[in-house]
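Report on the following structure.
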Amino acid sequence: MNYLDHAATTPMLDEALEAYVATAREVGNPSSLHAAGRLARRRVEESRERVAAALGARPSEVVFTGGGTESDNLAVKGIFWARRAADPGRARVVASAIEHHAVLDPVEWLVRHEGASASWLPVDGAGRLTPETLAAVLDEHAAEVALISVMWANNEVGTVQPIAELAEVAAAYGIPFHTDAVQAVGQVPVDFAASGVSALTVTGHKLGGPIGVGALLLSRDVTATPVLHGGGQERDVRSGTLDAPGIVAFAVAVEAAVKTQQEYAARVGALRDDLVARVRQAVPEAIYNGDPDNRLPGNAHFSFPGCEGDALLLLLDAQGIACSTGSACSAGVAQPSHVLLAMGADDDRARSSLRFSLGHTSTAEDVDALIAALPGAVERARRAGAIRSARA
Amino acid sequence: MKVLAAMSGGVDSAVAAARAVEAGHDVTGVHLALARNPQTYRTGARGCCTLEDSRDARRAADVIGIPFYVWDLADRFHADVVEDFVAEYAAGRTPNPCLRCNEKIKFAAVLDRAVALGFDAVVTGHHARLGPDGLLRRSVDTAKDQSYVLAVLTREQLDRSIFPLGDSTKAEVRAEAARRGLAVADKPDSHDICFIADGDTRRFLAERLGEAPGDIVDAQTGAVVGTHRGAYAYTVGQRRGLSLGVPAPDGRPRYVLSITPKTNTVTVGPAEALEVSTVYAERPVWTGGPTPTGPVECLVQLRAHGQVVPATVRLDGGSFRADLHQPVRGVAAGQAIVAYRPDPGGDIVLGSATISGTATPLRSPVAAGAASPGA
């Protein structure tokens, strides 16, 4: 198999897997008071310090969670609830139009069930959000905004946002700024304190750690109302028995990913540039989506006019090449991507798109395999697409 | 061959896919997402359009060991099957949505896409036989036979179809599913119309077509004997739900004889007035041999699971006429007439067409719908 879907999940690093297994062999609830509990707690706290150090945060700012979706929910709902409780006039959420569903859907849920209002920040054709766009919305609504959420880098098209500049605008108005950085950590430099954001989502399985563990970095001066109530772990913000093996492996992976980020970006970025150049050569009409320069090193995202993304995926899958059409709903049916639509693409272009994402195990052979299979797949998918448009 | 198995999430399509693998084909499973919002379609194990069905299909593909995808055909299904269903009722006809789904979705949209993507054929779990001679025959399980809803398929469509279950009874299929470890082995059969969540067709139509009160007229006296809330809600041959205010002169039950959308009238009469001796139909398909130039003696079936009667069928251009050797009651426009030739290897489908009108031995032709006889 040639795995070109690292943005969905990337293989665990050996050292993370070993750390996981070693910790999983030890008994002990980190909240227990006896020696076994203390040992487990020590593993968790050491991991908290490693994550904090790697990401430019203080250990007390690291809230371990069950992954990206949970961290996003805690940031969006938790900060919204806390801010509105302090000032009932603050019931507006400002977010980019290209957020992951883990941010989009909590915002929409707040609108439907909590009387919130939402301002969706538009992006340009490359998926870029400008600080001026954010400033314009805040000029009008600052007094009623509970929080702002803008992803560090987009999971579909790979565009990296000017997070520090955006956070500076938010800070000028004194409004908490959350960023979903699950795609960014290990790919581009991410420093919590230097970026000026108040909350940051990171997850293990996008950077070589296990699935089901992540963190929300949360500034000490920002309050979040809990989403999960229970035993009061994680400064009472996130209850639930601490997953010591997962957290240890997560910390190992975060540390490794951050340490190797530059070298990774150079190697994988070069591989990606080669992939992009050869795809454009093989399929000249392919449209390269996203910011051509300021993007994640492993991300290549194309629209193949006349094709349907899911037909291409099937044909490439049959040849052992794993890639993605972008977002999928619960039934497994590909919907036209809201990200592409927000970037001004029409329905057909959105449906014709495919994401190839490289990662730490990618090789030149993966790119060769894709380039060998792609032209035939595109030709077939185009024939199938022609039938659809002829009959529709 | 490289084949695409349409997997509904039911036991039949799961076993059909497994048999295709065993027959040496390179099989890919596909579940067709037909509902725009799967949650709003029938839940539980009765339809073929829910998230649960999608998951059942996926698990069956896992067990069989084939790749599996979901294809979104919701828009096509809505336009070609659901809207057609409503429009047919509005025109006073009685459509068969399963037949339309076979004609427009499974063996058209899906098959065309499959062929374009490099597949040779589509495999389904329909109970019908399709052998190397290319002739479509009834299943050995006559109670489960689905040749009636497949008879609409053209030669080209049949040539790219595989029905692996035709030689098995439903009981055998279920036993085989259990033997293969397929969890859907004892899943209840789907029935009713998958896109009508609660099974209430009348309400489904009323929501889309609105209330349209009109007269119920007695065919013999011409008198108005009741009112209805929408002529579209009636089917020729229907007896229940007429709630007639005026009893029939002879005191006997009355049945719907015809529906006239133009005047929004439902005409009722005694059972014998339902008797039909000639059936007119349109859009004929003939796959049981060369298109006949003269009369064909055969058996015809006039609705799904309906009785079979001997008839003489004539094809003339785009029209299809069947003179029944014995009268049949309750023939509704919009249903298919399917011609069969008796055969020890399973009755052979000769051809089919959509019923447009009927005639009785004693009366002039009655257009049971918008189309006139032979048009």
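Letters A, B, ... are given to chains in the order of the sequence lines, protein chains preceding strands, and every chain is numbered from 1. Quick caveat, the model's predicted, so the values are computed rather than measured.
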Which atom pair, heavy atoms only, marks the closest approach of B:Arg113 to A:Ala311?
NH2-CB, 3.5 Å

Counting only non-hydrogen atoms closer than 4.5 Å, does B:Phe119 touch chain A with its backbone (N, CA, C, O), its side chain (CB onward), both, or neither?
side chain

Rounded to the nearest 0.5 Å, the CD atom of A:Glu308 sits from the CG atom of B:Asp72 at a distance of 9.0 Å

What closest approach, in Å, do A:Ala384 and B:Leu117 show between heavy atoms, and which atom pair accounts for it?
CB-CD2, 3.7 Å

Just grab all the salt bridge (charged side-chain N to carboxylate O under 4.0 Å, His left out) pairs involving residues 98-120 of chain A, residues at least two apart or on different chains.
A:Arg84-A:Glu114

Between OH on residue B:Tyr69 and CG on residue A:Asp317, distance to nearest 0.5 Å:
3.0 Å

Side chain, backbone, both or neither: which part of A:Leu314 has an atom under 4.5 Å from a heavy atom of chain B?
both

What are the two closest non-hydrogen atoms of B:Val70 and A:Asp310, and how far apart are they?
O-OD2, 4.4 Å

Which residues pass the side chain to side chain donor-acceptor pair (under 3.5 Å) test with A:Ser303, not counting sequence neighbours?
A:Asn289

